[in-house]
Amino acid sequence: MIEVRRSGDRYRGGEPAAGIESLHAFSFGAHYDPDNLRFGAILACNEERLAPGRGFDEHPHSHTEIVTWVVEGELTHRDSTGHASLVRPGDVQHLSAAGGVRHVERNDGDTPLVFVQMWLAPLTPGGDPSYEVVHGIADSTPYAVPGAGALLHVRRLAPGERAALPDAPHLYVHVVRGETGLGQELLGPGDSARVTGETDLAAAATGGGPAELLVWEMTGPPQG
């Protein structure tokens, strides 16, 4: 089964007047939807847009695996365990909040910042927080989040190119840019698909230009 969620149906949040715009694909904060709390391990998929000089002041997280993909600009990250880094397009950032951590996320550059941040539920709560950035991850190298029983695949497709997607109990596909054919469905930027029980599935860049996808392969206990 492929369930498509459209970009325009995401919940709008943030503080646009303060240069912070948020689009939430799942129930989030004040936007509570009991029928859209999670899919597999995924609890949130937020597209964040920060104007230059704007950002999120120090705030806490716990019992969450947080993975961030920068689309445009440069993300400044600092956390309470002493990590400080710049995250750029093509980098995967992973903050395992574990028993508790605080962090700051800002756009300290002079151009707009756009990033997609995904929150996953851990298989086992608690533990010590950890942090990692993989710079310039390759399409052929999935990024493992073992604490959530999940793998992130980045797919950058040339015009007309097709790519096989993994067979898994649950797949979550988020279109970062371009137009993508998935089975009989056509997805555009910001659209997502929740895939259950499909095999031999492929994605194709169908809009005459390149496409970029984030694909979560979830191998942990199926929930959602």
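These numbers come from the heavy atoms of this one structure, side chains and all, not from hydrogens, waters or symmetry mates.
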Atom pair NE2 (His174) and CD1 (Ile42), whose distance is rounded to the nearest 0.5 Å: 10.5 Å

Cation-pi check, Arg5 onto Tyr172 ring (under 6.0 Å, within 45° of axis): no

Side-chain donor or acceptor of Arg162 paired with backbone N/O of Ala164 under 3.5 Å: no

side-chain contact (heavy atoms from CB on, under 4.5 Å) against Ile2, all qualifying residues, sequence neighbours excluded: Val4, Leu182, Glu185, Ala193, Val195, Glu198, Leu201

Full working for side-chain hydrogen bond (donor to acceptor under 3.5 Å, both in side chains) between Glu217 and His153: CA-CA 8 Å; Glu217 173 187 358; His153 303 263; 2.7 Å; yes

Exam field: side chain Arg10 to backbone Ser7, donor-acceptor pair closer than 3.5 Å: yes

Side-chain (His31) to main-chain (Arg12) donor-acceptor, under 3.5 angstrom: yes

Note, Val87 side chain near Thr68 side chain (heavy atom, < 4.5 Å): no

Any donor-acceptor pair under 3.5 Å from Thr180 side chain to Ala203 backbone: no

Any residue meeting side-chain contact (heavy atoms from CB on, under 4.5 Å) with Arg49, in chain and number order, not counting sequence neighbours: Glu21, Glu47, Val114

Closest non-hydrogen atom pair between Phe39 and Met218, with its separation: O-SD, 3.7 Å

Donor-acceptor contact below 3.5 Å, side chain Asp167 vs main chain Asp200: yes

Intermediate values then yes/no, side-chain hydrogen bond (donor to acceptor under 3.5 Å, both in side chains), Glu105 and Gln117: CA-CA 11 Å; Glu105 298 165 296; Gln117 188 169 92; 2.6 Å; yes

Within the 6.0 Å centroid threshold, strictly below: Trp216 and His170: no

Distance flag, aromatic centroids of Tyr32 and Tyr11, threshold under 6.0 Å: no

Backbone of Gly136 reached by a side-chain donor or acceptor of Asp91 within 3.5 Å: yes

N/O donor-acceptor pair under 3.5 Å between Arg155 side chain and Asp139 backbone: yes

Verdict with supporting geometry, Ser96 and Glu65, side-chain hydrogen bond (donor to acceptor under 3.5 Å, both in side chains): CA-CA 5 Å; Ser96 179; Glu65 305 290 331; 3.0 Å; yes

Any donor-acceptor pair under 3.5 Å from Asn107 side chain to Gly53 backbone: no

Donor-acceptor contact below 3.5 Å, side chain Asn46 vs main chain Glu48: no

Sub-6.0 Å ring centroid separation between His77 and Tyr131: yes

